[in-house]
Student: 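For reference, the structure I am asking about is given below.
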Amino acid sequence: MTNKIKYIGTDDPELELFESQYDLPEGMCYNSYLILDEKVAVMDSVDKRKTDEWLDNLEKALAGRKPDYLVVQHYEPDHSGSVGAFRARYPEAVIVASAKALQFAAQFDEKFDASLTKAVKEGDVLSLGQTTLQFITAPMVHWPEVIMTWCPEEKVFFSADAFGKFGVKDAEPDDWACEARRYYFNICGKYGAPVSTVLKKAAKFDIETICPLHGPILTGEKMTEALRLYGIWSKYDVETEGVLVAHASIHGNTAKVAECLAEILKAKGAGKVAVTDLCRDDMAEAIEDAFRMNRLVVCASSYDGDVFPPMHFFLWKLQLKAYQNRTVAIVENGSWAPSAGKAMKALLEPMKNVKIVEPMVTIKSSMKEADVAQLEALADALLS
């Protein structure tokens with residue numbers, strides 16, 4: 001990376017789920033960095049799945065030296081899982097973290113020794129010799145204990161989980177935005193305001209390199225694009241003009257309605273139109289697309305006097321992640337007592353600045369020729 005900063009992280013290509021819920025078709029990586037100066041600092045550890053590999057990487061990069069500090073920016077186990085093993089090997093190193101993180105350390109490990117620790121806060125500086133580490137607090141990006149670190153001499157910003165993505169470090173093809181977007185909205189989406197606050201702090205730095213805890217190191221045009229997208233995402237602005245048509249269909253009839261409506265929207269010039277099957281497609285990708293575009297159509301079957309559960313989970317997850325500033329249309333299906341529309345509307349109404357357009361379309365069992373006119377009217381209302 002630089003003469004003083006070395007990469008010592010690990011890939012985890014065999015990991016199938018992140019946080020036991022997000023699909024990882026290309027695995028995951030845990031980034032860690034070593035700063036070699038008069039004093040030696042390690043920036044974060046890795047998940048316990050990769051402890052041995054990480055310690056080997058560290059020992060080789062140290063080339064006989066000993067670390068003076070381990071900076072733990074984020075105490076979630078995928079980054080703190082090897083702290084205990086590090087202490088066992090390097091018992092004289094000081095653990096540097098926020099006071100809240102050191103509290104978490106004792107919660108995760110009741111044998112954690114707090115004697116060789118240093119709590120840092122906003123504005124604190126740690127000198128390594130020719131380089132300094134300047135700490136900024138980043139609470140709720142996406143845990144309350146998070147700190148980030150600016151190294152002005154190297155123009156490197158260590159950004160904790162921010163600017164991360166799913167996948168191994170150098171996944172090919174490296175389309176950063178695709179998996180970074182899915183990562184952001186599912187991991188950090190609820191915390192747009194704290195992310196915006198951190199972006200304002202970072203804007204004061206002359207950053208040339210961003211070093212996140214997941215995904216590739218960002219420089220040049222990729223870094224510029226990442227900063228641009230984070231500005232959009234953190235404010236819940238629209239990245240792409242278009243419509244996500246999300247359906248939850250029991251026997252396939254509601255799915256046919258959704259596909260028909262998608263074609264109508266395309267013909268009316270709706271921009272990008274994406275269709276997702278909430279029963280089969282990746283739910284995290286559906287969440288990502290809902291935030292990416294400015295309009296959403298939810299089409300679902302009625303079920304037990306409510307709405308088919310995959311749709312309920314989707315809308316609940318959107319609410320959990322602070323979905324806002326969007327326009328939504330509703331299509332329900334029912335054979336004898338349609339209830340999906342009412343249930344979906346109840347889930348949408350508490351969301352901030354979400355406009356629900358009329359008319360809501362009700363399908364009885366299967367789409368008829370007469371229903372197409374209703375879908376046309378709904379498309380017009382959604383795009384007006």
Student: Check Lys321 against Asn186 and note the closest heavy-atom contact, atom names and distance.
Tutor: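 Reported closest heavy-atom pair: NZ-O, 2.7 Å.
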
Student: Is the closest basic N to carboxylate O distance between Glu179 and Arg182 below 4.0 Å?
Tutor: yes

Student: Under a plain distance cut-off of 3.5 Å, with no hydrogens placed, do Thr131 and Glu153 share a side-chain donor-acceptor pair?
Tutor: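 No.
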
Student: Can you confirm whether the side chains of Thr137 and Glu122 place a donor and an acceptor under 3.5 Å from each other?
Tutor: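 The answer is yes; a qualifying pair exists.
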
Student: Assess whether atom CG of Asp52 is packed by more than 12 heavy atoms of other residues, nucleotides or ligands within 6.0 Å.
Tutor: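 No - once you tally the heavy atoms of other residues, nucleotides and ligands closer than 6.0 Å, there are 12 at most.
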
Student: Does a donor on one side chain sit under 3.5 Å from an acceptor on the other, for Asp78 and His214?
Tutor: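 There is such a pair (donor and acceptor under 3.5 Å, judged by atom type) between the side chains of Asp78 and His214.
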
Student: With under 30° as parallel and over 60° as perpendicular, where do the rings of Tyr183 and Phe18 fit, or are they tilted in between?
Tutor: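 Tyr183 and Phe18: tilted rings.
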
Student: Between Thr51 and Lys48, is the side chain to side chain contact (heavy atoms under 4.5 Å, CB included) condition met? List the steps.
Tutor: CA-CA 5 Å; Thr51 297; Lys48 64 183 179 180; 3.9 Å; yes

Student: Suppose the criterion is side chain to side chain donor-acceptor pair (under 3.5 Å): which pairs have a residue in residues 340-353, not counting sequence neighbours?
Tutor: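 Every pair satisfying side chain to side chain donor-acceptor pair (under 3.5 Å) with a residue in residues 340-353: Asn325-Asn353.
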
Student: Measure from the side-chain N and O atoms of Arg181 to the backbone N and O of Asp289, and report whether any donor-acceptor pair falls under 3.5 Å.
Tutor: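 Not confirmed, Arg181 side chain does not pair with Asp289 backbone.
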
Student: Going by distance alone, is a donor N or O of one side chain under 3.5 Å from an acceptor N or O of the other, for His142 and Glu76?
Tutor: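 Indeed, the side chains of His142 and Glu76 share at least one donor-acceptor pair under 3.5 Å.
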
Student: Just by distance, do the side chain of Asp306 and the backbone of Ala340 share a donor-acceptor pair under 3.5 Å?
Tutor: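 No; zero donor-acceptor contacts below 3.5 Å.
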
Student: Between the side chains of Asn333 and Thr254, is a donor N or O closer than 3.5 angstrom to an acceptor N or O?
Tutor: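 Looking only at side-chain atoms, Thr254 and Asn333 do form a donor-acceptor pair, the distance falling under 3.5 Å.
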
Student: Not counting sequence neighbours, list each pair that qualifies as a side chain to side chain donor-acceptor pair (under 3.5 Å) and has a residue in residues 92-105.
Tutor: Gln103-Gln107

Student: Under 3.5 Å, is there a donor on one side chain and an acceptor on the other for His79 and Asp44?
Tutor: no

Student: Do Arg49 and Glu14 meet the salt-bridge criterion of a basic N to acidic O distance under 4.0 Å?
Tutor: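 Not counted as a salt bridge, because no side-chain N and carboxylate O are separated by less than 4.0 Å.
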
Student: Ile5: which other cluster members, linking ILVMFWY side chains closer than 4.5 Å, directly or transitively?
Tutor: Met1, Tyr7, Tyr33, Ile35, Met43, Tyr69, Val71, Val94, Val96, Leu116, Val120, Leu126, Leu128, Leu133, Phe135, Ile147, Val156, Phe158, Ile217

Student: Side chains of Arg295 and Thr327: do they bring a donor and an acceptor to under 3.5 Å?
Tutor: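 No pair is found: no donor N or O on one side chain lies under 3.5 Å from an acceptor on the other.
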
Student: Which residue in the set Trp233, Phe291, Tyr236 passes ring-ring contact (aromatic ring centres under 6.0 Å, His included) when paired with Tyr184?
Tutor: Trp233

Student: Are the charged groups of Lys121 and Asp124 less than 4.0 angstrom apart, N to O?
Tutor: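 Salt bridge between Lys121 and Asp124, a charged N being under 4.0 Å from a carboxylate O: yes.
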
Student: Say whether Thr149 and Gln134, considering side chains only, have a donor N or O and an acceptor N or O under 3.5 Å apart.
Tutor: no

Student: Would you say the side-chain atoms of Ser335 and Ser365 include a donor-acceptor pair closer than 3.5 Å?
Tutor: yes

Student: Quick one: does Asp109's side chain have a donor or acceptor within less than 3.5 Å of a partner on Ala105's backbone?
Tutor: no

Student: Pairing donors with acceptors under 3.5 angstrom, does anything connect the side chains of Ser82 and Ser45?
Tutor: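 There is no such pair between these side chains.
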
